[in-house]
Each structure stands twice: as structure tokens, then as C-alpha cells.
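Contents: one structure, followed by commentary.
Chain letters run A, B, ... following the sequence lines, proteins first, then strands; residues in each count from 1.
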Amino acid sequence: MTQVLTYDPAAVEAGWQERWARDRINEPDLDRPRRPFYNLMMFPYPSAEGLHVGNMFAFTGADIYGRFKRLQGHDVFEPIGFDAFGIHSENYALSVGTHPAKLIPQNIETFRRQLRRFGGMFDWRHELSTTDPRYYKWTQWIFLQLFRAGIAFRKKAAVNWCPKDMSVVANEQVINGFCERHPDTKVEQRFLEQWFFAITRYAERLLQNLDRLDWSSSTAVLQRNWIGRSEGAELIIETPAGPKIPVFTTRPDTVFGATALVLAPEHPYVDQLIAEEQRRAVNAYRREVQGKDLVSRRVGDKTKTGVFLGSYARNPATGEAIPIWIADFVLMDYGTGAIMTVPAHDKRDFEFASQFGLAIREVVRTGEPLPSETEDGVLVNSGQFDGLSCREAKPRIVAWLQSKGLATPKVQYRLHDWCISRQRYWGPPIPIIYCDRCGPVGVPERDLPVELPFIEDFRPDASGVSPLARHKEWYYVACPQCGAQGRRETDVSDTFLDSAWYFLRYPSTEFDDRPWDPQRTKTWLPVTTYIGGNEHAVLHLLYSRFVTMALQELGHVTFDEPFPKLRAHGLIIKDGAKMSKSRGNVVIPDAYIQRWGADTFRMYLMFLGPFQEGGDFRETGIVGIRRFLDKVWAAAHEAAARTPGAGPGLPQAVERKLHQTIRKVTADTESLDYNTAIAAMMEYINLVREQRAGSREAVEPLLIMLAPYAPHLAEALWAVLGHDRTIFAASWPSHDPALASAGDVEVVVQVNGKVRGRVTVSPGATEAQVVALALKDESVRKFVNGKPVRKTVYVQDRLLNLVV
RNA sequence: GCCGGGGUGGCGAAAUCGGUAGACGCAAGGGACUUAAAAUCCCUUGGGGAGCGAUCCCCGUGCAGGUUCGAGUCCUGCCCUCGGCACCA
């Protein structure tokens with residue numbers, strides 16, 4: 001006998017990782033692939049803490065899919081990179097007092113080590129980092145394309161300002177009105193000149209295209225809600241004082257019930273509409289509102305406040321005079337910044353009217369108490385439209401008002417233009433030069449990249465001006481158009497711009513003279529399968545779709561959707577809660593991998609629960625996976641020790657189970673149901689052991705099915721069985737339906753829907769045969785008890801129900 | 001408040017079309033091996049009840065109804081929970 005070899009994951013895994021690298025196993029021919037398959041996963045932000053278990057869960061799930069596709073004969077390109085710019089990195093660098101230019105490369109090195117260690121099938125030739133000038137050169141190039149096309153533009157906008165950070169903070173860094181990093185500090189509102197991308201121009205297309213994308217429905221729903229399409233009309237409200245105020249409404253059918261015009265406090269026409277005696281009150285109110293920050297105005301206590309302007313407008317339907325108010329529940333950045341209030345049919349308007357004694361006029365009879373918002377009702381107090389249903393009335397009233405020049409049908413979106421300016425240091429400088437004569441001028445493409453200069457003190461200050469402005473040699477530059485002295489844009493762009501196109505870059509990382517090679521792009525894009533988390537459903541994924549659409553319009557790519565197939569994975573939680581540093585429940589995978597090996601840990605994460613739903617991390621179950629792999633290890637060694645060709649073939653039960661297992665593992669891996677695929681393989685190995693059927697024939701197909709899940713172990717055992725080439729050169733087994741269903745089947749016999757017995761028949765037995773057999777069964781007879789069988793229900797090879 | 005998941009043993013979960021509820025795994029209990037322990041192997045394990053026993057009966061998928069020969073699965077109305085959005089006109 002040979003010596004007993006026990007499974008030592010550390011040795012197995014190190015050896016195979018080395019060999020994969022040496023033999024370039026994971027590097028497909030990008031120029032001449034036979035069946036290109038672009039397997040993309042969301043690249044990580046390389047934090048100082050290293051890869052956490054959530055990253056690893058996501059990457060493992062995606063890697064399994066890539067390896068599976070590879071075994072099915074595809075040329076799988078599975079790249080990885082680092083999303084290393086951004087406020088997150090910068091804040092961390094500030095807190096530890098180390099420059100991000102020093103910190104980030106260290107972090108990336110840690111991530112590389114961890115990503116190699118977990119056994120991802122990455123093509124490291126095509127690694128990228130968004131902080132690399134060779135990369136962000138093209139981020140800036142994209143900005144310039146959009147700038148020239150008028151898709152990137154400047155406007156003044158309200159932003160969140162944290163007085164402790166002395167900086168703008170992103171919306172996602174504001175929690176209930178307080179700064180994420182300073183829970184006792186409220187963010188303020190500032191107005192700054194910002195760069196925007198006109199994503200709203202694409203709102204309809206972004207929405208419509210969702211119907212033809214093969215996406216997890218959870219993700220598509222989030223995007224739909226975020227885009228927030230609503231259909232209605234823009235009504236023109238005339239004021240005797242002069243200006244005509246447009247208002248957006250989704251309920252033009254209720255216009256006869258509009259009893260006030262309410263403007264946002266910042267509305268540009270407010271000044272013209274104030275009656276002298278109200279000026280003091282109005283100004284006081286506006287000052288009060290300005291003191292409120294953006295967020296608490298939105299989510300704070302929702303008691304209605306407001307003030308009468310002292311003047312009146314005309315209800316477009318009735319011609320009656322209605323008072324004009326300002327109130328902060330009307331938001332300047334949605335619709336037109338002005339509304340008509342219909343207190344009888346809108347809860348907010350009802351509250352407002354009740355508080356300030358405004359008229360409440362019912363115009364839709366619904367049978368419910370006011371305010372009733374339902375559209376199931378008929379119009380009343382609405383002149384010639386009385387008696388119509390809401391649905392009928394809407395278009396007619398709009399048409400009637402339109403004929404008087406007072407309305408137009410309108411579609412409104414919740415989606416806002418994308419503000420990409422950041423008054424920060426750690427990002428790609430926006431490639432614009434301001435010239436007093438020429439205005440904002442794009443940096444000529446030959447001068448890209450505009451490198452981010454090294455600044456020792458990159459701390460933001462209270463001025464609202466970016467740290468880059470303090471670097472005078474960098475800041476002052478000749479205008480590319482007229483040569484006069486100009487000044488560089490000192491804001492950097494949003495991190496989400498970096499990640500909005502990285503998938504275009506991966507296949508073309510070696511080219512420095514083009515962002516993406518047309519031929520490579522044609523071969524590999526759009527991305528075949530994208531797997532990632534829903535935390536990016538409306539940011540990264542929406543921005544990427546928008547950038548791709550714009551690039552297509554400008555002729556730079558040939559497709560308008562980058563991710564035709566997307567799957568959202570679930571979240572790994574700990575003790576029932578999201579992992580977060582503040583909770584102190586973040587799990588770092590390294591210790592587990594060291595103790596159990598990458599294969600065991602990968603499979604454990606996948607066995608925790610359904611991949612697309614996530615699960616609660618508890619280390620108690622890991623040993624079960626290890627025991628399974630030990631069994632496979634033993635079975636493969638046993639098979640290797642057997643003389644080839646000796647003995648009978650597979651026992652029928654094992655052969656049948658094998659084909660059932662192939663069927664199930666194939667289907668489940670394809671649909672990302674990894675937990676049940678693993679369970680099926682466990683059942684199979686249990687049967688092989690029970691039947692002492694550990695032969696080459698029994699084990700080899702299992703190893704191939706296991707290879708996506710436990711790649712190192714599968715490789716090692718494949719070699720033990722005498723194969724020279726990598727197991728990933730093998731082909732995925734196929735199942736024989738006949739063998740999968742060979743042998744007798746057990747049919748359940750029910751009497752009146754309750755299980756009373758079982759009969760064994762050969763597959764395809766007729767109903768009559770099964771009934772005859774069933775009636776011989778003692779237990780069945782007991783419950784039939786001589787009563788006549790009124791009806792039988794038979795499900796082929798599965799179930800017979802006798803109704804007595 | 002609105003939109004979307006989800007609620008099944010002690011625990012993680014499974015159940016493809018409405019057809020044997022609890023596969024697979026963990027934990028627990030019992031046994032084998034061992035000087036002992038670990039590891040490994042075997043058995044038991046939803047709740048309740050009857051029987052010496054092989055076995056058998058009743059109940060059971062958040063709650064209350066309904067459809068059906070048959071419901072974890074479909075329908076109606078609730079409760080709880082997680083995630084997203086939130087004064088969006």
C-alpha cells in the first residue's frame with residue numbers, strides 16, 4: 001500500500017496557484033478566441049482593512065460561474081482591478097495621516113495577495129487601477145467627449161457641506177442630516193458652481209431599455225423607481241402681477257379643486273409676487289428655510305410651514321383668484337418648483353390647507369372621506385366635466401386647457417442630472433482650463449492626462465475651493481485656444497465616473513494610444529455576464545449604462561447597453577446585521593482561509609444560503625464542507641489505486657445518481673443556485689461511499705463538477721488520477737436522461753389527499769396498473785375501506801390520489 | 001407612507017409545473033474504535049400519541065379565511081421582518 005495521504009489544503013493550493021500562473025492557465029487569447037465569454041465582477045475599492053468576506057462572497061460566486069463556463073468550452077476572460085480613487089480613500093488617508101498616493105499601492109498589494117490566495121481565475125495581465133494615469137487619461141478623455149457634445153455642462157447647485165470636514169460630502173455620506181464621519185455634525189447647504197452630466201436626457205431610454213435586459217428583477221425595479229417616471233401635465237398659472245407660473249401635476253383631473261398656488265421658497269418669481277405688506281414675513285421665512293440644511297428639510301419633521309405672499313393667481317380652470325404662498329415642502333429641484341394645491345385630493349395639500357385655513361373643494365366623489373387620493377371616482381364641481389371618471393377626465397381637461405394655451409402634456413422624472421464635481425484632491429482632475437477670454441476650454445487630447453499633482457497637504461479647507469487650487473504652478477496654465485494665462489479646473493471628478501467605463505478598458509489595457517481597441521471591443525463586449533451587488537443598482541449601474549449610451553451616440557462604441565445579463569448577489573450579514581466597521585462585526589477571510597483553505601472557505605460561503613439572497617455568516621458549518629472534501633479526496637485516491645478496467649462498471653444506483661447529479665449540478669450552477677448544487681454533490685459522494693463504488697468512472701465526472709467550486713482540490717485530484725493537463729481543459733459532463741431515470745420508481749398513493757402508501761413500479765406504468773397495485777396495498781385498503789373510488793388523479797411516476 | 005424581498009425543525013436551509021414538507025449540512029443525543037481524547041464510522045433527531053415490536057395514528061410551513069381530489073406553493077384580508085425610496089406634486 002502507498003502511504004496514507006491526508007488532504008492538506010495549504011500545500012495543494014499554493015502549488016496549484018503557482019502552476020496556474022506559470023502555465024498561464026487563466027489568460028485567454030483575446031485576439032482570436034473561439035467562444036469569447038466576458039465574465040465580469042464588480043471591482044473592489046482597495047480599503048486598508050483588506051478584502052472582507054462580503055467581497056469574497058461576491059467574487060467566489062462570480063468565479064464559479066466563470067470556471068463553469070470555461071469547462072463548458074468558452075474562452076472566459078475574467079479580469080480584476082481596483083477602484084482606488086475617491087472620498088473614501090481620501091478620508092481614510094486623512095484619518096491615518098498617510099498620503100493616499102502611498103497608501104493605495106500598499107492596499108492594492110494586499111488585495112492582490114488575497115485575490116490570488118482565494119483562487120480567482122483572474123487574467124492578471126489585464127489588471128487595472130483607476131488611479132493609474134494610464135487609466136484616468138481616458139476617464140478625462142471621456143469627459144472631454146461629453147463636454148464637446150454638450151452632455152457635460154456647468155450649473156450652480158446645492159450641495160451638502162460638512163463644517164467639520166470643511167468639505168462637500170456626497171449624498172451617500174449624509175445620514176439623516178448628519179455627517180457620516182461626524183455623527184454630531186449637521187451638514188449644511190451650499191450653492192456651488194458644479195459640473196453635471198445630462199443623464200436626464202436619457203431617462204426615457206434608460207427606463208425603456210430595462211424591459212429588454214436580462215437582469216435580476218430586484219435590480220431593474222430599483223432602477224425603475226430611481227428614474228421615477230410620472231406622467232401628467234404642465235399647467236400655466238397666470239398671475240395678475242405678470243409672470244406665468246408653470247406647475248407640474250399628475251392629476252390634471254383635479255384642477256377645479258386647486259385652491260392655492262404654492263412656490264418653493266427659492267423660486268425665481270417670488271420677489272415679483274410679494275405684496276408690500278407681506279415682504280417682511282416672506283423674507284423672514286426665506287431666511288429661516290435657508291438656515292435649514294438640505295436633508296432635514298426633506299426628512300425632518302414634516303409639519304407644514306409657509307407664508308402667504310399677499311398676491312393672487314388664477315385657477316386655470318375656474319378663473320377664480322387663488323392665493324399664492326411659498327412653503328418649503330415644495331422642492332425647487334423637482335418639476336417646476338411650484339405646485340397647485342388640491343387639498344381635497346392630496347394628503348400634503350390637505351395638511352397645508354388645514355393648517356392655514358385655505359379652501360378645500362371636493363372635485364372627485366369617491367365615497368371616501370377627504371382627502372381621498374384614489375382615482376376611482378367621478379368628477380363633481382368641475383363644470384362641463386362633471387360625471388366623468390378621473391381616467392376619462394385627464395386627457396380631456398388637458399386638451400381643453402391646451403386649447404386655451406394653459407397646459408401641455410408632460411412626463412416628469414425623479415432622476416436628476418449627475419453632479420460629478422468633487423471639491424477634493426483624490427480623483428482625476430477635470431480636464432478644463434478657464435480663460436477670461438474664451439471661457440471654459442477643454443484640455444487638448446494630446447495634453448492628457450492632466451496628472452494629479454502630488455500635494456503634501458491635501459486637506460480640504462472651509463473655502464469650498466479644492467486643495468488643487470493651492471498648487472500654483474499647476475493651477476496657472478496657458479489657455480489652449482488663445483495662449484493667455486488661464487486657470488485649471490480644480491475640482492476632481494466623482495469616483496463613479498471612474499467605474500462607469502472600466503469594463504471597456506479591461507480587454508485593451510495594453511494600448512496607450514486608445515481607450516479601447518475597436519477590434520478587441522467588438523470581440524468581447526458587451527459584457528457576457530455581470531455579477532454584483534445591489535448596493536450599486538442605481539449608482540454604478542445606472543451611470544455605466546448612461547456613459548455607454550452617450551459613447552454610442554458619439555460613435556465610440558457600437559452598443560448602447562453594456563450589461564445585457566446581470567445577476568445581483570445577496571448580502572453576507574453577521575448576527576443578523578450588515579457588516580460595518582462601526583458595529584465591529586466585519587469578518588476578514590484571511591484567518592479562515594489559512595485554517596481551512598480557500599476551497600473549503602469558498603464552498604462554505606456558497607453553502608450558507610442562496611447566492612442571490614445572501615446569508616448570515618456563522619463559522620459553525622465550515623467543518624461540514626471540509627468533511628465533504630475529505631470524502632472526495634479519499635474517493636479519488638481509492639479510485640487511483642484501483643486497477644483500471646478491473647471489476648464491474650458502476651452499480652446501477654450509482655450510475656443513475658451520477659446522471660441525476662450531473663443534471664442537477666449543471667442546471668443549478670447555470671442559475672447560480674450554488675447551495676443546492678453543492679448539496680447534490682454531497683448526496684452523490686455519500687452514495688458512492690455507501691456503495692463502495694469509488695472508481696475512476698464514478699469520481700472523474702464529480703471532480704469536473706466540483707472544479708468551479710474547489711478548483712485547487714479538483715486540479716490536485718485530477719492529477720492523482722493521472723491527467724497531465726489542467727482539469728479546466730476537460731469538458732463538463734453531460735447526463736443521459738435515460739440513465740438518470742433508469743430503474744423502478746416509487747409512486748405515492750394518497751386516499752383523499754393523504755399519503756397512505758407507496759407502490760413500486762417501472763417508469764411509464766399506466767394509471768390502471770398503478771391503481772390495481774395500490775388497491776392491493778394493505779394500508780390503502782384500510783382507508784378505502786370498501787368504499788367506491790369516485791375519482792382517481794394520477795401524476796406519471798409520482799403520485800396517485802384515490803378519492804372515495 | 002410607497003416599492004420590492006422574506007417568514008418552513010434547536011440552527012443554515014431544500015421542495016423545477018399545485019403532487020411524499022424538512023433533501024443537504026450544522027448542532028445535539030446514543031453507540032463503535034481508542035489506555036484516553038481528537039479524528040473517523042454507524043444509528044437517532046419537527047411536535048404529540050398508541051404498541052413488546054415490525055409498525056401505526058393525529059397535528060404541523062407567520063395569522064385568519066377561501067379555491068382544489070390535493071396548498072409551503074394559488075386567491076382575499078391581516079401581522080412581523082429585511083432592503084430601497086421618501087413632502088417627487
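In this structure, N675(A) places its CG atom 9 Å from P of A13(B), rounding to the nearest Å. The distance from atom CD of Q796(A) to atom C1' of G18(B) is 18 Å, rounded to the nearest whole Å. Distance D673(A) CG to A13(B) P: 14 Å, rounded to the nearest Å. When rounded to the nearest whole Å, the span between CE of M340(A) and P of A89(B) equals 12 Å. Distance N801(A) CG to U20(B) C1': 12 Å, rounded to the nearest Å.
Nearest to the side-chain atoms of R414(A) among the listed nucleotides C24(B), C57(B), C85(B) stands C85(B). Listed nucleotides C24(B), G1(B), A89(B) differ in distance to K347(A); the shortest reach to its side chain belongs to G1(B). Listed nucleotides: C69(B), A14(B), A89(B). Nearest to the side chain of K791(A): C69(B). You'll find that the side chain of P610(A) is closest to A14(B), out of U20(B), C24(B), A14(B). The K754(A) side chain lies nearest to C59(B) when the options are C59(B), G12(B), U20(B). Side-chain proximity of V755(A) to the nucleotides A21(B), C69(B), A23(B) is greatest for A21(B). Among the nucleotides A89(B), G25(B), A23(B), the one closest to the side chain of A679(A) is A23(B). Nearest to the side-chain atoms of V793(A) among the listed nucleotides C24(B), U20(B), G19(B) stands G19(B). Between C57(B), A14(B), C24(B), one nucleotide has an atom nearer to the side chain of R756(A) than all others, and that is C57(B).
Distance check: F617(A) CZ to I622(A) CD1 gives 5.0 Å after rounding to the nearest 0.5 Å. Atoms CZ and CG, on R314(A) and L406(A) in that order, are 9.5 Å from each other to the nearest 0.5 Å.
Within 4.0 Å (heavy atoms only), V748(A) reaches at least one base atom of the nucleic acid. Nucleic acid contact for D346(A): none, since no nucleic acid atom lies under 4.0 Å from a heavy atom of the residue. Backbone-only engagement by R689(A) is indicated by non-hydrogen atom pairs under 4.0 Å involving sugar-phosphate atoms exclusively. Looking at heavy-atom distances under 4.0 Å, L608(A) makes contact with sugar-phosphate atoms alone, never a base. The residue N686(A) sits close only to the backbone: its heavy atoms come under 4.0 Å of sugar-phosphate atoms, none of a base.
I572(A) places none of its side-chain heavy atoms less than 4.5 Å from the side chain of V587(A). Residues L713(A) and W633(A) are in side-chain contact: their nearest non-hydrogen atoms beyond the backbone lie under 4.5 Å apart.
Between V795(A) and I622(A), the one whose closest nucleotide on RNA chain B sits nearer the 5' end is V795(A). The nearest heavy atom of RNA chain B to L799(A) and to D616(A) marks one nucleotide each, and the one closer to the 5' end goes with D616(A).
Within residues 218-232 of chain A, the residues having any heavy atom closer than 4.0 Å to RNA chain B are, in order of number, V221(A), L222(A), N225(A), W226(A), S230(A).
Phosphate proximity of C41(B) to K631(A): absent, as no side-chain N or O sits under 4.0 Å from OP1 or OP2. OP1 or OP2 of G84(B) has at least one side-chain nitrogen or oxygen of K578(A) nearer than 4.0 Å.
A side chain to side chain donor-acceptor pair (under 3.5 Å) with E375(A) is found for exactly one of R391(A), K394(A), H345(A), namely K394(A). Between T341(A) and the options D349(A), I322(A), I360(A), a side chain to side chain contact (heavy atoms under 4.5 Å, CB included) holds for only D349(A). Partner of F601(A) under the ring pair (Phe, Tyr, Trp, His ring centres under 6.0 Å) criterion, chosen from Y592(A), F57(A), Y709(A), W596(A): Y592(A).
Judged by atom type and distance alone, K304(A) reaches the base of C87(B) through a side-chain donor-acceptor pair under 3.5 Å. Judged by distance alone, with hydrogens and angles left aside, R798(A) brings no side-chain donor or acceptor close enough to the base of U20(B) to form a pair under 3.5 Å. Judged by distance alone with a 3.5 Å cut-off, a donor-acceptor contact links the side chain of Q750(A) to the base of G19(B).
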Dump every N/O contact between nucleotides 27-29 of chain B and the protein below 3.5 Å, one line per pair.
residue : atom : partner : partner atom : Å
A27(B)  : OP2  : R627(A) : NH2          : 3.2

| query | For R224(A) and D211(A), what are the C-alpha separation, side-chain angles and deciding distance, and is it a salt bridge (Lys or Arg N to Asp or Glu O under 4.0 Å)? | reply | CA-CA 10 Å; R224(A) 270 192 200 100; D211(A) 292 338; 3.1 Å; yes
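Taking the six-membered ring for Trp and the full ring otherwise, the centers of W325(A) and F352(A) sit less than 6.0 Å from each other.
The side-chain tip of R545(A) points at the ring of W215(A) from less than 6.0 angstrom away and within 45° of straight on.
In RNA chain B, consecutive stretches of 3 or more Watson-Crick or G-U wobble pairs with both distances under 3.5 Å are given as paired ranges: B:1-7 with B:79-85, B:10-12 with B:24-26, B:28-32 with B:40-44, B:46-50 with B:55-59, B:62-66 with B:74-78.
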